[in-house]
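We name chains A, B, ... by the order of the sequence lines, and we start the count at 1 in each one. Just so it is clear, the structure is predicted and the values come from calculations on it, not from any experiment.
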Protein chains: 2
Amino acid sequence: MTSADVARESGVSRSTVSFVLNDAPNQTISPATREKVLAAAERLGYTPNGPAQALSRGRGSTVLLCLPDFPASATVDELVTEMDRVLAAHDLLLVTHRAGPDRQPALALAAAVAPVAVAGLLPFDGDQVAAFRARGARAVLPGPADPPPPRDDAGRTVGVAQAGHLAGRGHVRIGYVHPADSRLVSMSERRLAGVDQTALSLGLAGVSVRRMPADGDFTPVLRGWLAEDAPTAVAAFNDEVAMAVLQAAWASDVVVPVDLAVIGADDIPAARYTCPALTTIRSSGKPFGAMLAHWVLQRLGTGGAARPTADEPPVWTPDIVIRASS
Amino acid sequence: MTSADVARESGVSRSTVSFVLNDAPNQTISPATREKVLAAAERLGYTPNGPAQALSRGRGSTVLLCLPDFPASATVDELVTEMDRVLAAHDLLLVTHRAGPDRQPALALAAAVAPVAVAGLLPFDGDQVAAFRARGARAVLPGPADPPPPRDDAGRTVGVAQAGHLAGRGHVRIGYVHPADSRLVSMSERRLAGVDQTALSLGLAGVSVRRMPADGDFTPVLRGWLAEDAPTAVAAFNDEVAMAVLQAAWASDVVVPVDLAVIGADDIPAARYTCPALTTIRSSGKPFGAMLAHWVLQRLGTGGAARPTADEPPVWTPDIVIRASS
DNA sequence: CTGAAAGCGCTTACAG
DNA sequence: CTGAAAGCGCTTACAG
């Protein structure tokens with residue numbers, strides 16, 4: 001099933017078929033011909049071959065998004081969905097690749113699909129950019145020279161929101177708990193920075209920091225912590241860490257939120273079901289997805305395209321979900 | 001940067017370049033020429049254009065996996081990672097597509113990348129199969145005539161494991177809780193079938209069933225349930241539902257596991273941090289990913305390929321993770 | 001208003 | 001052992 005079949009079926013040339021199917025500008029096709037071609041294509045169930053189109057146009061229609069090896073999360077799903085949505089409005093299709101120990105490297109995928117652009121959540125270094133370019137990408141971002149994506153800022157913002165809430169509840173000795181998973185440390189550092197900065201600007205005590213032990217049992221750490229720095233409220237890196245704190249408190253007869261307030265981050269589905277229900281920070285992946293898409297479009301020069309998109313501006317505003325734990 | 005550049009640089013024809021780069025069988029290239037070409041390709045940083053290769057070979061090198069619109073989960077990640085891994089051993093690259101309200105339909109992606117095969121977790125109907133085929137896929141599975149993937153069985157198996165554990169603890173009145181999310185009902189029905197069947201075969205009472213209310217508060221339901229059917233143990237559809245049950249018990253002064261035993265499913269990261277820690281069923285996505293990959297390969301006739309893969313046979317064995325809730 | 005022709009980057013019989 | 005040529009399915013100047 002090729003365009004030649006459609007041409008034959010409708011009694012015109014392949015050029016004409018291509019013209020009508022692509023609504024070629026500067027090309028005036030008679031309504032009759034147009035109809036014939038459309039009907040034939042319909043009847044034959046013809047669909048143009050994407051790779052062939054890309055080859056001949058010298059420009060693919062896919063964008064590759066490289067995701068880090070983070071645990072599955074609704075936030076990333078939202079990001080991807082939104083990026084897909086705004087890209088689709090510009091006839092660009094999103095292909096995602098999640099890094100991972102056993103996963104094929106993104107470069108192989110890039111070679112196979114020849115995306116017109118590749119985007120990532122973490123900045124690419126010079127070699128990576130060059131490699132993607134060698135595989136046909138016209139835009140690779142963020143590159144080493146680019147401003148980092150607003151993710152850093154987003155991380156900080158989460159910490160700011162956590163500390164702000166806790167301080168608002170009257171707490172002055174705030175603690176922070178890092179996750180055990182080393183893949184998450186850089187993100188956790190950013191969140192901590194937000195907590196730290198807020199505590200500082202509010203004139204609170206310096207924030208005391210602990211890390212989740214690898215075995216997942218925070219109980220001994222919590223006991224020592226309470227004895228030493230005696231935080232009255234803890235901001236956890238994320239909801240899982242917050243749950244570990246909740247569990248340690250439960251095991252130690254420390255009553256939340258009376259003896260200890262805790263706040264998580266991410267608002268995972270489980271957060272509403274903890275005992276007590278977890279107060280947390282919810283940050284949608286949507287604005288970030290929109291931002292990445294717009295960045296790609298701009299870099300591709302499709303920014304001021306004919307078709308205007310009524311997308312909300314990509315602003316990053318974490319929401320606080322107040323439940324019972326603080 | 002094309003193969004013509006490499007040919008020019010190394011002073012041979014494009015055919016020769018193609019032969020050495022592809023290790024063409026039935027083709028004897030002198031070691032000297034071979035070296036020259038390889039060196040030139042290396043020097044130029046040449047990478048073949050995937051779509052062009054696909055076009056000329058008449059066979060793409062990607063496989064499209066269509067994922068349903070389920071919440072993000074580690075199990076699906078494992079499935080994808082494993083499928084990617086075994087496919088990669090056959091020079092096939094995996095491209096995943098998650099369905100969703102705002103996502104581009106999978107057909108558009110299929111048209112753009114022209115995958116040689118498309119696989120799904122849920123069976124495709126006749127129209128879908130035809131549409132994918134029209135976009136170049138040589139294999140689309142599972143189709144309407146195919147045996148359903150062992151997912152159904154997997155679902156049942158989870159229920160069997162849940163009920164088996166509960167019965168082993170001496171419970172005779174077992175309850176089951178469906179999730180509120182309607183996208184999950186068919187999966188939940190399968191798990192319930194496993195519970196039901198096991199209870200039946202063990203001569204226990206029929207299992208009493210409830211569903212999570214949309215507002216997420218299981219407390220009123222639990223109270224009524226305890227008054228009516230008085231189950232002593234409940235198997236929840238998944239860990240989130242189990243947590244809701246735990247929370248309802250906590251709110252009702254029902255002590256778990258003494259007054260009520262609960263078991264979840266999936267072993268999400270949060271499961272170890274509930275109070276008490278949740279007993280659950282863990283089923284890796286790995287065997288299912290391997291199975292799908294093998295199915296694709298077999299359908300593609302690559303099954304008995306030269307390169308043997310030392311993959312474990314795709315067997316589906318859920319593990320029970322015993323913690324404190326039952 | 002429409003068609004013949006070249007070209008996108010590759011592979012692969014077919015000659016030599 | 002190596003090269004000239006055709007072809008994969010499309011698009012797009014260029015003629016008419």
With rounding to the nearest 0.5 Å, note down the distance linking [atom1] in [X] to [atom2] in [Y].
X: B/D69; Y: B/L184; atom1: CG; atom2: CG; value: 10.0 Å
X: B/D84; Y: B/L79; atom1: CG; atom2: CG; value: 11.0 Å
X: B/L109; Y: B/H97; atom1: CG; atom2: NE2; value: 5.5 Å

Checklist entry - Rounded to the nearest Å, what distance is computed from the CD1 atom of residue B/I29 to the P atom of nucleotide C/dT12? => result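 Those two atoms, CD1 and P, are 13 Å apart.
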Checklist entry - Within this structure, what is the CZ-to-C1' distance between B/R8 and D/dG3, rounded to whole angstrom? => result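 Result: 16 Å.
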Item to check | Closest listed nucleotide, where the reference is the side chain of A/S30 and the choices are D/dC1, C/dC1, D/dG3 | outcome: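 The nucleotide sitting nearest to the side chain is C/dC1.
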Next on the checklist: Below the 4.0 Å mark, does D/dT2 have OP1 or OP2 next to a side-chain nitrogen or oxygen of B/T33?
Outcome noted: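 Checking D/dT2 against B/T33, a side-chain N or O does come within under 4.0 Å of OP1 or OP2.
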Item to check | Residue of the set B/T62, B/V86, B/L300 for which side-chain contact (heavy atoms from CB on, under 4.5 Å) holds with B/L92 | outcome: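 Checked B/T62, B/V86, B/L300 against B/L92; only one passes side-chain contact (heavy atoms from CB on, under 4.5 Å): B/L300.
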Checklist entry - What are the two closest heavy atoms between B/R98 and B/F70, and how far apart are they? => result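 Where B/R98 meets B/F70 most closely, the heavy atoms are NH2-O, 2.7 Å.
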Item to check | Partner nucleotide, any strand, of D/dC1 [Watson-Crick/G-U, under 3.5 Å] | outcome: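 C/dG16 - that is the nucleotide pairing with D/dC1, both distances being under 3.5 Å.
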Item to check | Donor on one side chain, acceptor on other, B/T16 and B/S13, under 3.5 Å | outcome: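 Present: a donor and an acceptor within the cut-off.
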Pairs under 3.5 Å (N/O, protein and nucleotides 7-11 of chain C):
{"from": "C/dC8", "atom 1": "O2", "to": "A/S56", "atom 2": "N", "distance (Å)": "3.2"}
{"from": "C/dG9", "atom 1": "N2", "to": "B/A52", "atom 2": "O", "distance (Å)": "3.4"}
{"from": "C/dC10", "atom 1": "OP1", "to": "B/Y46", "atom 2": "OH", "distance (Å)": "2.7"}
{"from": "C/dC10", "atom 1": "OP1", "to": "B/N49", "atom 2": "N", "distance (Å)": "2.8"}
{"from": "C/dC10", "atom 1": "OP2", "to": "B/S3", "atom 2": "N", "distance (Å)": "2.5"}
{"from": "C/dC10", "atom 1": "OP2", "to": "B/Y46", "atom 2": "OH", "distance (Å)": "3.4"}
{"from": "C/dC10", "atom 1": "O2", "to": "B/S56", "atom 2": "OG", "distance (Å)": "3.4"}
{"from": "C/dC10", "atom 1": "N4", "to": "B/R14", "atom 2": "NH1", "distance (Å)": "3.4"}
{"from": "C/dC10", "atom 1": "N4", "to": "B/R14", "atom 2": "NH2", "distance (Å)": "2.4"}
{"from": "C/dT11", "atom 1": "OP1", "to": "B/N22", "atom 2": "OD1", "distance (Å)": "3.4"}
{"from": "C/dT11", "atom 1": "OP1", "to": "B/N22", "atom 2": "ND2", "distance (Å)": "3.0"}
{"from": "C/dT11", "atom 1": "OP1", "to": "B/Q53", "atom 2": "NE2", "distance (Å)": "2.8"}
{"from": "C/dT11", "atom 1": "OP1", "to": "B/R57", "atom 2": "NH2", "distance (Å)": "3.2"}
{"from": "C/dT11", "atom 1": "OP2", "to": "B/S18", "atom 2": "OG", "distance (Å)": "2.8"}
{"from": "C/dT11", "atom 1": "OP2", "to": "B/N22", "atom 2": "ND2", "distance (Å)": "3.4"}
{"from": "C/dT11", "atom 1": "O4'", "to": "B/S56", "atom 2": "OG", "distance (Å)": "2.4"}

